[in-house]
2 protein chains.
Amino acid sequence: MKNNKKTLFVRKSRQREVMLEVLKGTKSHPTADWIYQEVRKSLPKISLGTVYRNLKLLKERGEILELHYGDGQSRFDGNTENHYHFNCQGCGKVYDVEGPLKKDMERDIAEKLGFVITHHRVEFYGVCRECREEVSLHLKEERL
Amino acid sequence: MKNNKKTLFVRKSRQREVMLEVLKGTKSHPTADWIYQEVRKSLPKISLGTVYRNLKLLKERGEILELHYGDGQSRFDGNTENHYHFNCQGCGKVYDVEGPLKKDMERDIAEKLGFVITHHRVEFYGVCRECREEVSLHLKEERL
DNA sequence: TTAGATGCAAAGGGTTTGCAACGTC
DNA sequence: GACGTTGCAAACCCTTTGCATCTAA
């Protein structure tokens, strides 16, 4: 439980507003820098620092999600509806996976271990349809 | 598919050997630095760079897993048996969750989206038993 | 007027990498 | 002897932060 917040309330700002628009308007699970570049189209003077600060704030308020795939940078998701993800190991794209959450898994485990479970995430890994051809292509090349 | 490997084979090294022992011998999902400190007890001259290089190698060979929790550093798991994780938001500990994998989820989604799914991961979030008392304590303090 | 938000740039901090020396096969 | 591995330290790069200034309320 680490959180030494200092502000007592939140003011609205054009920067944060545009960032949310951008995030809600894409399904691409973008990085901070992608968001930065995108917002810059309407607010050319915004700084990366501001982007990061607002991403943190929006995340803390539950308006967006942060995803970690170990590629060095975080990805953000404007879709906070319950859903899972599919991570293509070919192109790196992250797809949303609709479908009912398995809340029963939470209950089972909470019961068995005596933990309180607030939520869970599921990540699928594999190769998306678009990448399948390309993969066989690459495999051929590697054989040379 | 990005991977410009250059070595044609792998030699064994005492460093990598000890690292694997350490990883297989703990259930704590340690960070690179923790592993470094641990290995240093028997190999005082090992360097962090070597630790990272071997972690990468072991991961690529499927002997360990890398986990990302957005706390700035990766965690590693010597247990490659299929299992899920529970992440305590109180103390930050990561617990293994035994139990049968939901392979049927993979099938459903592979079918629906036409993707090839190799595996999936599930992360549960909440508060572990040990932390529950402490949490109520903190909440009390915050009320002051 | 008050205190939160921003821009800018510097600082942080985990991870990667170049290179000469070393070790394994 | 060939080539993978290591130690060391510098380089990287994403993210955070200090501070003067701006701005919402």
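Proteins get letters first, then strands, A, B, ... in listed order; numbering begins at 1 in each. Quick note: numbers below take in every heavy atom, side chains included, and nothing from hydrogens, waters or symmetry partners. From a predicted model like this one, the values you see are computed outputs, not experimental measurements.
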Between P of C/dT16 and CD of B/Glu60, the distance in whole Å: 10 Å
Verdict with supporting geometry, B/Lys93 and B/Glu130, salt bridge (Lys or Arg N to Asp or Glu O under 4.0 Å): CA-CA 11 Å; B/Lys93 272 206 209 84; B/Glu130 290 172 26; 3.4 Å; yes
DNA chain C: 5'-proximal contact among B/Glu66 and A/Ser13 (nearest heavy atom): A/Ser13
B/Lys24: which of B/Thr26, B/Val22, B/Leu20 passes side chain to side chain contact (heavy atoms under 4.5 Å, CB included): B/Leu20
Minimum-distance nucleotide (side-chain atoms of A/Leu8 versus D/dT5, C/dG4, C/dA5): C/dG4
Of the listed nucleotides C/dG7, C/dA5, D/dT6, the one nearest the side chain of A/Val10: C/dA5
A/Lys12, nearest nucleotide to its side chain (from C/dA3, D/dA25, D/dT16): D/dA25
Rounded distance in Å - CG (A/Asp33) to P (D/dT16): 14 Å
Among C/dT6, C/dT2, C/dC25, the one nearest B/Arg11 by side-chain distance: C/dC25
Name of the residue among A/Glu123, A/Arg75, A/His29 meeting side-chain hydrogen bond (donor to acceptor under 3.5 Å, both in side chains) with A/Tyr69: A/Glu123
OP1 or OP2 of D/dG7 under 4.0 Å from side-chain N/O of B/Thr50: yes
A/Gln15 side-chain N/O to C/dG7 phosphate OP1/OP2 under 4.0 Å: yes
Rounded interatomic separation in angstrom, taking CD1 from B/Ile35 and P from C/dG14: 14 Å
Protein-nucleotide distance (B/Leu43, atom CG; D/dC8, atom C1'), rounded to Å: 17 Å
Length of the line joining B/Asp71:CG and D/dC14:P, which is rounded to integer Å: 18 Å
Sugar-phosphate, base or nothing in reach of B/Gly49, heavy atoms under 4.0 Å: base
Rounded distance (Å) that lies between atom P of D/dC3 and atom CG of B/Leu57: 18 Å
Considering all heavy atoms, the nearest B/Val18-B/Ser42 contact: CG1-OG, 3.7 Å
Sugar-phosphate, base or nothing in reach of A/Asn54, heavy atoms under 4.0 Å: sugar-phosphate
D/dG7 OP1/OP2 closer than 4.0 Å to side-chain N/O of B/Ser47: yes
Nearest-Å distance for atom pair OH/C1', residues B/Tyr69 and C/dG14: 18 Å
Proximity to the side chain of B/Lys45 - top-ranked nucleotide from D/dC8, C/dA3, D/dT6: D/dC8
Of B/Arg14 and A/Leu48, the one whose closest DNA chain D nucleotide lies more 5': B/Arg14
Side chains of B/His85 and B/Asp77, donor plus acceptor under 3.5 Å: yes
B/Arg53 side-chain N/O to D/dT5 phosphate OP1/OP2 under 4.0 Å: no
Any side-chain donor near an acceptor of the partner, B/Ser74 and B/Glu66, under 3.5 Å: yes
Length of the CG-C1' vector between B/Leu58 and D/dG4, whole Å: 15 Å
Closest to the A/Thr7 side chain, choosing from D/dT6, C/dA5, D/dC14: C/dA5
Sugar-phosphate, base or nothing in reach of B/Thr31, heavy atoms under 4.0 Å: nothing
